[in-house]
Amino acid sequence: MPIVIFELPDGTQRKVTADSGTVLMQAAVSNGVDGIVAECGGNASCATCHVYVDERHGELVGPPNDVEDEMLDFTAAERRPTSRLSCQVQVSDALDGLVVHIPEEQV
Amino acid sequence: MSTLMAAAPGAPVVELDLAELRDDPYPAYAELRRTAPLAWVPSVGRHLLTRYEDIVRAEKLPEVFSSREEGSLLLRTVGPNLLREDDPEHRRLRAAAEPPTRPRQVRDLWAGTFERNAHDLLDRIAGRGEGDLIGDFAEPLAAANLAVVLGLRNASADDISDWSRAMMAANGNYADDPDIWLRAEQATRAIEDAVAEMAEAARREPDGSVISSMVHAADPVELTEIQNNIKVIIGGGVNEPRDVFGVGAQALLRRPDVRDRVVADAGLWKRVFEETARWISPIGIYPRQLTQDYEIAGVALPAGSRVALVIASGNRDESVFERADEFDIDRPHRPHLAFGGGPHFCMGAWVARHEVSALAWPLVFSRLKGLRLVEGADDRMEGWVFRGLTSLNVTWQA
């Protein structure tokens with residue numbers, strides 16, 4: 001199972017094991033990673049599980065889907081080219097070692 | 001699954017008076033959080049779950065805390081609808097109805113009309129120098145905006161308001177008053193007729209509205225389903241923006257220092273919105289029913305147990321929000337529960353945020369100069385299932 005790393009705004013890192021076939025947000029929430037609120041539980045309707053994919057891994061994760069792209073315009077923290085909603089990022093073995101950065105604000 | 005209309009073995013039983021809850025539920029909630037965070041309340045016919053962490057846990061477990069509650073007041077009022085369904089049925093209906101309420105659609109399709117509606121209402125009252133910001137502004141604004149988003153061009157703002165009030169009364173009709181049921185039936189029949197007419201129009205000519213979106217959904221939706229879900233949206237879609245507007249406006253008028261900061265820095269309106277929704281949750285409570293045995297807040301609940309998630313109480317939980325009873329836009333940020341969570345996260349959240357915090361408050365506070373509360377006015381906060389101001393009497397320079 002892939003290991004993914006959530007980096008908090010203060011620079012500390014949380015390494016968690018993510019289950020292939022789930023989404024990145026679930027890995028964060030089930031491991032109690034601070035800063036991933038996920039109010040809507042993964043339905044791309046609240047924009048509170050925003051992450052910045054580390055620039056080294058952008059291609060690995062790919063671009064947002066259409067609904068996600070819309071929601072990303074309304075995140076609490078600024079949108080960047082590497083912004084994703086973690087509830088829309090499917091976990092697979094290919095993501096092993098992925099680093100994502102958690103923004104300061106989610107709501 | 002059978003419905004258990006009684007206390008779970010081991011659950012504390014706490015008597016609460018419905019009239020007292022309507023007046024001010026917060027002292028009772030504080031006591032429950034402290035002494036009985038899962039308590040059977042006979043007058044409500046449910047176990048009330050009152051601590052923040054427990055509510056969040058329940059919201060994230062829709063497969064255990066089901067929205068399909070037997071004997072639900074909402075089901076009786078409007079018929080089967082997405083709020084009382086679980087996924088995948090809930091998802092099918094939500095996917096059909098949701099696109100017009102997403103933030104970009106709100107900005108691109110509806111914001112201009114919302115702004116005109118607000119200006120029209122202010123034009124009507126600006127020369128008077130006094131008024132009730134609930135009855136004269138917030139309620140007709142929320143109703144007019146809702147008619148646009150839903151695609152009910154054949155209904156006036158007054159129609160929408162009347163229907164909403166009748167259904168919301170039925171929804172909170174824990175006392176089983178027959179007159180309340182009758183008024184709700186009249187309202188829901190009128191909505192069915194109005195929706196049928198506009199669904200037919202949208203079939204011929206899509207207009208981006210919720211009715212149009214449901215008519216043209218990829219996964220087909222029946223007319224009855226459109227009608228019932230529009231009823232639900234009319235129920236919540238008026239009172240939530242109206243109540244957030246009223247409560248937040250009153251809080252600012254009582255705190256001129258905060259008002260001055262917000263008026264000078266438009267970026268703060270968002271914080272006023274989220275803090276107001278936390279402080280007085282317009283929807284205070286919603287029901288769930290257990291699909292399996294489950295232990296929460298130290299009580300083993302059998303399958304079929306009825307539970308109410310008291311989000312108004314979670315939003316005042318001192319372990320999460322310091323000085324939780326105070327309105328404070330500068331408090332350290334923790335997510336509030338006012339929009340609910342999980343798959344049922346409020347579909348109207350983006351609409352309400354825009355119409356209230358980007359438009360209604362800034363326009364009222366900039367156009368009505370010298371706005372102040374009328375001293376001694378009987379502006380009461382009322383309700384516990386739904387809570388808001390009955391009126392907000394103010395004066396300004398005409």
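Because the structure is a prediction, the values reported are computed rather than measured.
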Between [Y] and [X], is there a side-chain heavy-atom distance shorter than 4.5 Å?
{"X": "A/M71", "Y": "B/W350", "answer": "yes"}
{"X": "A/E70", "Y": "B/P103", "answer": "yes"}
{"X": "B/R94", "Y": "A/S45", "answer": "yes"}
{"X": "B/R91", "Y": "A/N43", "answer": "yes"}
{"X": "B/R102", "Y": "A/F74", "answer": "no"}

Flag yes if more than 12 heavy atoms outside [X] fall under 6.0 Å of its [atom1] atom; otherwise flag no.
{"X": "A/E55", "atom1": "CD", "value": "no"}
{"X": "A/Q13", "atom1": "CD", "value": "yes"}
{"X": "B/D219", "atom1": "CG", "value": "yes"}
{"X": "B/E322", "atom1": "CD", "value": "no"}

Nearest heavy-atom neighbours spanning A/V37 and B/K60: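 Closest approach of A/V37 to B/K60: O-NZ, 3.6 Å.
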Non-hydrogen atoms of chain A under 4.5 Å away: do they reach the side chain of [X], the backbone, both or neither?
{"X": "B/H336", "result": "backbone"}
{"X": "B/R271", "result": "neither"}
{"X": "B/E59", "result": "neither"}

Heavy-atom pairs under 4.5 Å with chain B, option from A/C40, A/A38, A/A47 with the top count: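 If we count pairs closer than 4.5 Å to chain B, A/C40 comes out on top.
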Main-chain N/O of B/G341 paired to A/E39 side chain as donor or acceptor, under 3.5 Å: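 No; zero donor-acceptor contacts below 3.5 Å.
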Value rounded to 0.5 Å, distance of CZ in B/F345 from OG1 in A/T48: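 Interatomic distance, B/F345 CZ to A/T48 OG1, rounded to 0.5 Å: 6.5 Å.
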Under 4.5 Å from any heavy atom of chain B - which part of A/D69: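 It is both, since atoms from each part get that close.
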Residue, of B/R107, B/K270, B/M347, that accumulates the most heavy atom pairs under 4.5 Å with chain A: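 Most heavy-atom pairs within the cutoff with chain A belong to B/R107.
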